[in-house]
Each structure stands twice: as C-alpha cells, then as structure tokens.
Asks: 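One structure is given below, represented as structure tokens, and several questions about it will come after.
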Amino acid sequence: MTHLIETRELCFSYDDEENESTENKLEGKYALCGVNITIDKGEFVAVVGRNGSGKSTFAKLLNLVLEASSGEVYIDGKKVSPEMTDEELLDLRRRVGMVFQNPDNQLVATIVEEDVAFGPENLGIPSAEIRERVDAALELVGMTEYARHEPHRLSGGQKQRVAIAGIIAMMPECMIFDESTAMLDPSGRAEVVDVMEKLVREKGITVINITHLMSEAARADRIIVINEGKVIGEGTPKEIFTNTELVRRAGLELPQCAALLGELRARGVRIDGAGITPDECADIIIKKLQNREEE
Amino acid sequence: MKNISLGQYYPTGSVIHRLDGRVKIILAVIHIIATFLCESLASFACLFVGTLVLVLMTRIPLGVVLRSVRAIVYILIITFILNAFFTVGEGEPLFSVWIFTLYIEGIWNAAFMALRILSLILGTSIFISYTTTPIQLTDSIESLLSPLKKLKLPVHDFAMMMSIALRFIPTISDETDRIMTAQKARGADFTTGSLIKRAKALIPVLVPLFVSAFRRADELATAMECRCYHGGEGRTKMTVPHLCARDIAAVGLMLAFGAALVLLNRVDFLYKMV
C-alpha cells in the first residue's frame, strides 16, 4: 500500500547559491536535512519543534509552496516536483490543503461564504455544487450562522474556522495546519483543535498539525519531533511525553502534569505508563500511592 | 475602528437593493446622461421629482441621504455663485456692483447647475453607494467589463484587486490604530506642532504600516496559491447573477424617464438653458 505522504531524504535550504559547497552543508545551513517521514491516510499527526526548527518548512515542501533542494516528496505515490504540469499542481494543492498562522492574511473575500467559495471557484466547480459544498463546510466548522458576516468582525478563532471551511470546501485528502493556533487565545485554540479532531474522526481527512504546543500535540495519534532540521523522535504522545530527555533536547515544554510525572520518575519513583491529561496523571499518582500503602 | 463599514451600504431590502448590480450601474449611467440632457425648467422639475421618488423608493432615511449631500454643499454654493455672476444675459441686469453684474438668466443657470450636481450625487448614491454591497459592485464591474477581456485587458485581475483592497481596508485601519498607539506609548506626538511637524510625526507610523502591508500581501498570495488560485481562467462563481423581469423593467422605466426629460426640453416655460 502506498502511503499518503512519504518523504525521502528531504533537504531544504533557504539560501541556495551559498550552499553549493559541502562545507556549508556540514555547518547545518540547511533548514531541513535528510527527513524521512511517512504519513498514512486518516492519521492525525502533530509535528512539533521549537521556533526555527524547520517544522514549517517541512509543511511548505509538501504542497510545493517551497521547492526541495534535494530529496523527494511523494503524495499518494506521486512524486511532487517543480516539473509538474499546471493541472497536476492544482490537483496537488487541492488534495493537500493548508491553513496558515495569521487568520487575517488568508481570507480573501468581504463576506464569509464568498471566502469559503473561493477555493472551489478556482477549481471551476459548477455553481450549484459550490453552494452545497460551502454550506456543508460552514456547518462542519459550526459557522453557518455567520455565513453572511464580514470576516473582520469575527474573533480570531472564528476567522480561523472560516479559513478551515475554505479548505474543506475543496475536498482535500490532507490538511496541514501551519501553526494555525499560534495567534489565537486559549478558547480560539480549543475551537480550532476541536475542528481538527472532527476532520480526522468524522471525515477521515488526514490532519498534520504543526505546532510548538505540546498540550495540542497530545491530541494527535502520533507526534514527530523536529529539531535543527532533523527528525529526532517519533511516536505516540505517551511515548514522546515519557521521554523527558528528547523533549528537552527539542527545546519544548511538556504539559505540566506530564512534566510532574517525569520529575517523579527522575527522583526515583517507579511510575509505569504515561499520562497526558491531568485526570490520567492523577490516576497514575493515586494508584502509585495506594500501592505504596499496601506494601 | 472595529465598526468601520465598507462603503456606505445601507441595507433596507427595498426594490432597488434587490436589483442586479450590473443593472444598477447601467441605471446610474442613464441617470447621469439624463441629468446632462435637461435644459428646460419643465425637464429639471421632472428630474428633481423623479430623483426624489427614487430616493423614497430606496426606503433609506432622508437624513442619511442628505449626509452625502452635505459633503458637497460648498461645491454647490461656489458653482451657484460663479454661474450666477458669469452668465451674460440679454435683458437689463438686475444689479451691477463693481465687476459683478447679475442677470436674471444667471440665476436660472446657477439654479440649474446646482440642481444637476445635486442630482448626480443623489443618482450615484441611490443606485450605487447606498444600495450595492462592495462585493456586488466589484463583481458587476467585472461582469460589465468582461467584453474587454477579448482585448487582453486584465479585467478579472482588476476586479480581484478591488475586492482584496476592500477586504483589507478595515484590517489595515485596525493596524494603523495599533501602530499609532504603540508610537504614542514611545512618546510620539501626532496632535501638536506645525503642519510639517505633524506630517513628519506620521513617518514612524507609515513605515511599519507599509512593511506589514507587504508582509500581508506575501502571506495572502501564498494562501491564495494554496487555494488553487490561478487567475480568472476556468474560474466559476458560486452565485451567478441572472437578470429577472424587474431588472429589465427597471432599465425600461429609466430609459422612458430619460426620454421624457428630453421631450420636456421642448416645453418653453419661463426659462430654457442656453
């Protein structure tokens, strides 16, 4: 079976010419270097890393916003390259949708539903079908009542949900969220992550959430940790969260309760399993305390 | 600044609001031409009454409509005075002081000119500013200009630019506010000093504003590409405007109105413009 997304030895450098010599290669001037990742259909993957780790670069290589310096990207077994024809490129961008960080800078139209229609209109979908898609997309993100509103009057979370609807209306197979929650307040962030989860669980759309917030990454099925342009770890949230050393090396911060468990473990308390939500952690600690009483 | 509205659109759901945007542009053009064809008192009176009826049909409060007139009050007064004194009549002047000589024809001409300007402003307000949303307006302009695409004119791109500009006016005005506040917090003074000093004080606002506008443009372009934007070719529209009976009726009535005005020019009552 082919993977939905597969990268082989993917490298990218922002200043092409200077990097011709091998010296620079060693100095790590690459924003991304030797990345091998596979992502399957219907997966919910979080890509985490600190600022400048190359995680956003990785996302932009997937739908050819940036061109890889070397290495290959395959989407559904098809190679992504600048030599693609215009139709192939449009098809690629339709299949791999992308939601950006600043909600203001990705809304095009002055009315919410017009904006959602922008993508399908570009694809040349018949009018009646666009209408259906727009209504369905707005309903999915819970913005139906705002269909006739002006985007600039909405809150950050609402704007971002409109942006998501705009991508959903193109019927993508995969959606990449490039730090889409970074500019939002906690409630807006929760709204957006809820929508991501809905997309994966109900629509079967593959979601890649690029973030530096571990609490958000915890909701994914799988976490990929990137640091200095390289993948330094990969696993389920529980696996990653118990690996305190890896998280520290990536320059990230564990959610407080996971950090507490890690600290206890470091002090010599034997803790089995990993907790991500406060409830899970509390359960683990209570169980541990009960065991001790019995001993 | 959150409440800045795009244009002056005033929704009331009247018949004129519901007309097709393209038809409204055509109506506005006919109205402008009709205004310039008026010559006699009878046709001016008819134009005035007709325009008033249209204003009432939009169901927009008169106070709101008058607001757009208020902006041109000075232009009206100056035109009136200039026309009044620079028209040379045939009969005896009403009075003559120094270089100012006033003829009866001058007063008529001045009144007609003022009425014309008033009717121009009201006409475009009724058909365009108050009753057409900006997006409807840009769509209509694109649609009306589409024959020019054959001449390889970038009509679609032009319409796209207009609608993006409209979309970003409130966003950028918010940003201006934010930058001004930030500069004030650093001790900038925008309100005192000479005109030149105040203009200079705006430079630290404009520079960051431009930088951020360009950054926005860059991000927006990427986002648009990611949403498969590739120019106007092969693009469809969610809402395809189609003309209904009332649109055709409206154009017919407006043409009849214009024709009536021209015919009324023949009625020689009191005064006719030369």
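All chains are named by letter (A, B, ...) in the order of the sequence lines, taking the proteins before the strands, and each is independently numbered beginning at 1.
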Asks: Does any heavy atom of chain B fall under 4.5 Å from the side chain of A:V134, the backbone, both, or neither of them?
Replies: side chain

Asks: Using heavy-atom distances under 4.5 Å, tell me whether A:E113 contacts chain B through its side chain, its backbone, both, or neither.
Replies: both

Asks: Measuring from atom CZ of B:R216 to atom CG of A:N102, what distance do you get when rounded to the nearest 0.5 angstrom?
Replies: 6.0 Å

Asks: For chain A, which residues from residues 219-233 of chain B have at least one heavy atom closer than 4.5 Å to it?
Replies: B:E219, B:L220, B:T222, B:A223, B:M224, B:E225, B:C226, B:R227, B:C228, B:Y229, B:H230

Asks: Tell me, yes or no, whether the heavy-atom count around A:Y146 atom OH, taken from other residues, nucleotides or ligands under 6.0 Å, exceeds 12.
Replies: no

Asks: Checking heavy atoms, do the side chain of A:F118, its backbone, both or neither come under 4.5 Å from chain B?
Replies: both

Asks: What part of A:L107 gets within 4.5 angstrom of chain B, counting heavy atoms only: side chain, backbone, both, or neither?
Replies: both

Asks: Would you call A:E114 and B:T239 a side-chain contact if the rule is heavy atoms closer than 4.5 Å?
Replies: yes

Asks: If you count every heavy atom of other residues, nucleotides or ligands that lies below 6.0 Å from B:R215 atom CZ, does the total exceed 12?
Replies: no

Asks: For a quick test of reading the model, state the closest non-hydrogen atom pair linking B:T236 to A:I125 and the distance between them.
Replies: OG1-O, 2.6 Å

Asks: Once you round to the nearest 0.5 Å, how far does CG of B:L166 lie from CD of A:E150?
Replies: 10.5 Å

Asks: Side chain, backbone, both or neither: which part of A:L90 has a heavy atom under 4.5 Å from chain B?
Replies: both

Asks: Could you have a look at A:P126, A:P151, A:G124 and say which one has the most heavy-atom pairs with chain B under 4.5 angstrom?
Replies: A:G124

Asks: Measuring only between side-chain heavy atoms, which start at C-beta, is B:M160 closer than 4.5 Å to A:V108?
Replies: yes

Asks: Does atom CD of A:E139 have more than 12 heavy-atom neighbours from other groups under 6.0 Å away?
Replies: no

Asks: Examine whether an atom of A:D104 lies under 4.5 Å from a heavy atom of chain B, and if so say whether it belongs to the side chain, the backbone or both; otherwise answer neither.
Replies: both

Asks: In this structure, are over 12 heavy atoms from other groups packed under 6.0 Å from A:K203 atom NZ?
Replies: no

Asks: Do any of residues 160-186 of chain A come closer than 4.5 Å to chain B, heavy atom to heavy atom, and if so which ones, in number order?
Replies: A:G166, A:I167, A:M170

Asks: Working to the nearest 0.5 Å, report the span between CZ of B:R167 and OG1 of A:T110.
Replies: 8.5 Å

Asks: Is the count of non-hydrogen atoms from other residues, nucleotides or ligands lying under 6.0 Å from B:K200 atom NZ greater than 12?
Replies: no

Asks: Look at atom OH of A:Y74 and say whether more than 12 heavy atoms of other residues, nucleotides or ligands are closer to it than 6.0 Å.
Replies: yes

Asks: Which atoms of A:D86 come close to chain B, meaning under 4.5 Å heavy atom to heavy atom: side chain ones, backbone ones, both, or neither?
Replies: neither

